[in-house]
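Before any comments, here is the structure.
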2 protein chains.
Amino acid sequence: MSEVAATGISVLLVDDHPIVRQGYRRVLESQGDLHVVAEADNAADAYGAFKAHDPDVVVLDISMPGASGLEAIRNIRARSPRARILVFTMHNEAVLVKAAFNAGASGFVTKSSEPSAVVTAIRNVARGERAMSDDIAHILAEDSLSAGSALDQLGEREIEILRQFAGGATTEQIAAHLNLSIKTVQNYHYLIKTKTGARTDAQLVRLAAACGLTRIWR
Amino acid sequence: MSEVAATGISVLLVDDHPIVRQGYRRVLESQGDLHVVAEADNAADAYGAFKAHDPDVVVLDISMPGASGLEAIRNIRARSPRARILVFTMHNEAVLVKAAFNAGASGFVTKSSEPSAVVTAIRNVARGERAMSDDIAHILAEDSLSAGSALDQLGEREIEILRQFAGGATTEQIAAHLNLSIKTVQNYHYLIKTKTGARTDAQLVRLAAACGLTRIWR
DNA sequence: ATCCGGCTTGGGAAATTTGCCCGAGCTGCA
DNA sequence: TGCAGCTCGGGCAAATTTCCCAAGCCGGAT
């Protein structure tokens, strides 16, 4: 058990962009009570770093290449149910937020939030509370009122594959990233199309973009 | 004209994530010769900030909500051809890189790069040189071997077919619409892919959207 | 405890599309 | 006249998509 409560909050940073980690580190450490004790740049290393440093809070970006961030959350929580995980990402799609909380996240803050919101969220999560940024709360509220987007009928794996596909990845690349057979990815591709009603790959990309799953550099 | 050459390099940061800007700011300022003189969180504000502060280098992320980062580049360069712009983003697709350079960027660095690479790139760009991270150079090299330029290599018919395709039309619909055989549309589809270098239909849609051929957000 | 339903993973096989090569008609232009 | 480039489509092997099916797993209901 970590006994750093009196001296501050220890943080494990997980994000695939080095300079982004550097930046977070400096922002967080300037707070005085927050200490970044380790970093990881992929889901696979995240648990190792967690085990080695037993941080009070894990701050992670779910959109990393390769293995799913959601998987990393489940991975950590499965072996250390005490773990407090704060998802910190650019994505703000309701299905993703729900998936993250279901996977065991304690908080969800978007990168659009003010730095102070992130810091506050970390403190709240460390205290065992649930935390989310205002925009996320708003999105979840909207979502609970609406009948649900086309993406709501998709499972977690389907969402992940759709994200990569819409991002321009080939079937082989997706299969390699997710350690699946090409056949399985093809089947998901087909399944996603039928579930969403998209008749064309282009329609699928447009749908993904419209739902915020993929950003297109208009 | 900015006369800060002797005292360092002034930087304008454009990124839609506040904490990411904060982080960059700290990383850059710890270098001593780099000074962040302004920030902007969207393309529209970018030019105003540029005009007000006349920075030596603009560091911007092209993937911002709403208006395009590419547009912002064109915007700034059109009115201030002296401007040095370093694109700094998570995207690493060849078409995007080319589009950025065509729009007037002086450099392109991915967020997967080491912080030192970003700093080096800023200094090189400020000196008037072109700069890009190793992964980008690699991607462009690969791309140049397989030929394939951008969208302006396409003929009238090809553009029209790409527009309809990216808009979500099926091959049959396009054929019917243009009074062509399905075979011809298929051939165009293939031709367009090879000409643009898109390996995937999704990449084609993204390319079309990036070039303004298709609007995705209704 | 058991069953049901949904998610995930993949095999199989027919139908369709892609990848690439080809020729032919048209136009503009040197 | 002749070349060059766009438009249009045939052909055919290779790859992918489309469906249908099954098995393992897990969580919730009975």
Side-chain angles (χ1 to χ4, degrees), chain A residues 43 66-75 77-79 81 95-96 98-104 148 151-166 168-205 207, chain B residues 145-149 151-166 168-205 207:
Chain A
S68 160
L70 293 177
E71 219 169 288
I73 298 175
R74 242 176 265 108
N75 214 326
R77 294 285 316 221
R79 303 191 243 183
V95 278
L96 228 200
K98 290 189 209 167
F101 278 118
N102 284 336
L151 259 39
D152 273 350
Q153 41 193 331
L154 298 183
E156 201 173 280
R157 214 84 257 230
E158 292 161 334
I159 293 272
E160 181 57 33
I161 286 174
L162 174 55
R163 182 201 312 288
Q164 296 195 21
F165 170 76
T170 66
T171 301
E172 291 94 334
Q173 289 173 331
I174 298 175
H177 281 161
L178 266 32
N179 257 99
L180 296 176
S181 78
I182 289 187
K183 183 63 194 179
T184 297
V185 176
Q186 290 175 331
N187 278 338
Y188 270 116
H189 190 344
Y190 168 70
L191 233 191
I192 293 167
K193 275 212 230 176
T194 59
K195 274 194 180 181
T196 59
R199 323 193 61 266
T200 283
D201 283 353
Q203 289 177 15
L204 217 46
V205 175
L207 174 67
Chain B
L145 292 182
S146 59
S149 223
L151 194 67
D152 34 49
Q153 313 276 349
L154 300 182
E156 189 68 29
R157 216 82 245 243
E158 293 161 332
I159 293 276
E160 183 54 34
I161 286 175
L162 173 55
R163 184 202 315 284
Q164 295 196 25
F165 171 76
T170 67
T171 302
E172 292 93 334
Q173 289 173 331
I174 297 175
H177 217 264
L178 297 176
N179 261 97
L180 296 175
S181 79
I182 290 190
K183 182 60 193 182
T184 298
V185 177
Q186 289 175 332
N187 277 339
Y188 272 115
H189 190 345
Y190 166 70
L191 236 189
I192 294 167
K193 276 215 234 173
T194 57
K195 275 193 180 180
T196 58
R199 332 228 316 83
T200 282
D201 283 352
Q203 288 178 15
L204 219 45
V205 175
L207 174 66

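The basis for the numbers below is simple: all heavy atoms, side chains too, and nothing from hydrogens, waters or symmetry mates. Labels below follow one simple rule: chain letters A, B, ... track the order of the sequence lines, proteins then strands, and each chain is numbered from 1.
- At distances below 3.5 Å, at least one donor-acceptor pair connects side-chain atoms of B/Q203 with backbone N or O atoms of B/R199.
- Between B/F165 atom CZ and C/dT17 atom P there is a gap of 12 Å when expressed in whole angstrom units.
- The side chain to side chain donor-acceptor pair (under 3.5 Å) check on B/T200 picks up nothing, with sequence neighbours excluded.
- A heavy atom closer than 4.0 Å to some atom of DNA chain C occurs in A/S181, A/K183, A/T184, A/N187, A/Y188, these being the qualifying members of residues 181-191 of chain A.
- Of the candidate nucleotides D/dT16, D/dG9, C/dT18, C/dT18 has the atom nearest to the side chain of B/D201.
- Rounded to whole angstrom, the span from the CD atom of A/Q203 across to the P atom of D/dT17 amounts to 15 Å.
- For the pair A/I161 CD1 and D/dT17 P, the interatomic distance rounds to 13 Å; values are reported in whole Å.
- When the C1' atom of D/dC26 is taken as reference, atom CZ of A/R157 falls 16 Å away, rounded to whole Å.
- Across all strands, B/E160 comes closer than 4.0 Å to no nucleic acid atom at all (heavy-atom distances).
- In this model, the phosphate group of D/dT18 is approached by a side-chain N or O of A/K193 to a distance below 4.0 Å at OP1 or OP2.
- Atom pair A/I174:CD1 and D/dT16:P shows a separation of 13 Å (rounding to whole Å applied).
- Between the CD atom of B/E172 and the P atom of C/dA15 there is a distance of 16 Å, given to the nearest Å.
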Item to complete: Assess whether side-chain contact (heavy atoms from CB on, under 4.5 Å) is satisfied between B/L162 and B/E158, documenting all intermediate values.
Response: CA-CA 6 Å; B/L162 173 55; B/E158 293 161 332; over 6 Å; no
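- To the nearest angstrom, P of D/dT16 lies 10 Å from CZ of B/R199.
- Taking 4.0 Å as the cut-off between side-chain N and carboxylate O, B/R163 and B/E160 count as a salt-bridged pair.
- Contact check for B/F165 versus B/V185: no side-chain heavy atoms found under the 4.5 Å cut-off.
- Rounded to an integer number of Å, the gap from B/L180 CG to D/dG10 C1' is 15 Å.
- By the 4.5 Å heavy-atom criterion applied to side chains, A/I174 and A/H189 are not counted as neighbours.
- Remark: A/T194 engages no residue in a side chain to side chain donor-acceptor pair (under 3.5 Å) (not counting sequence neighbours).
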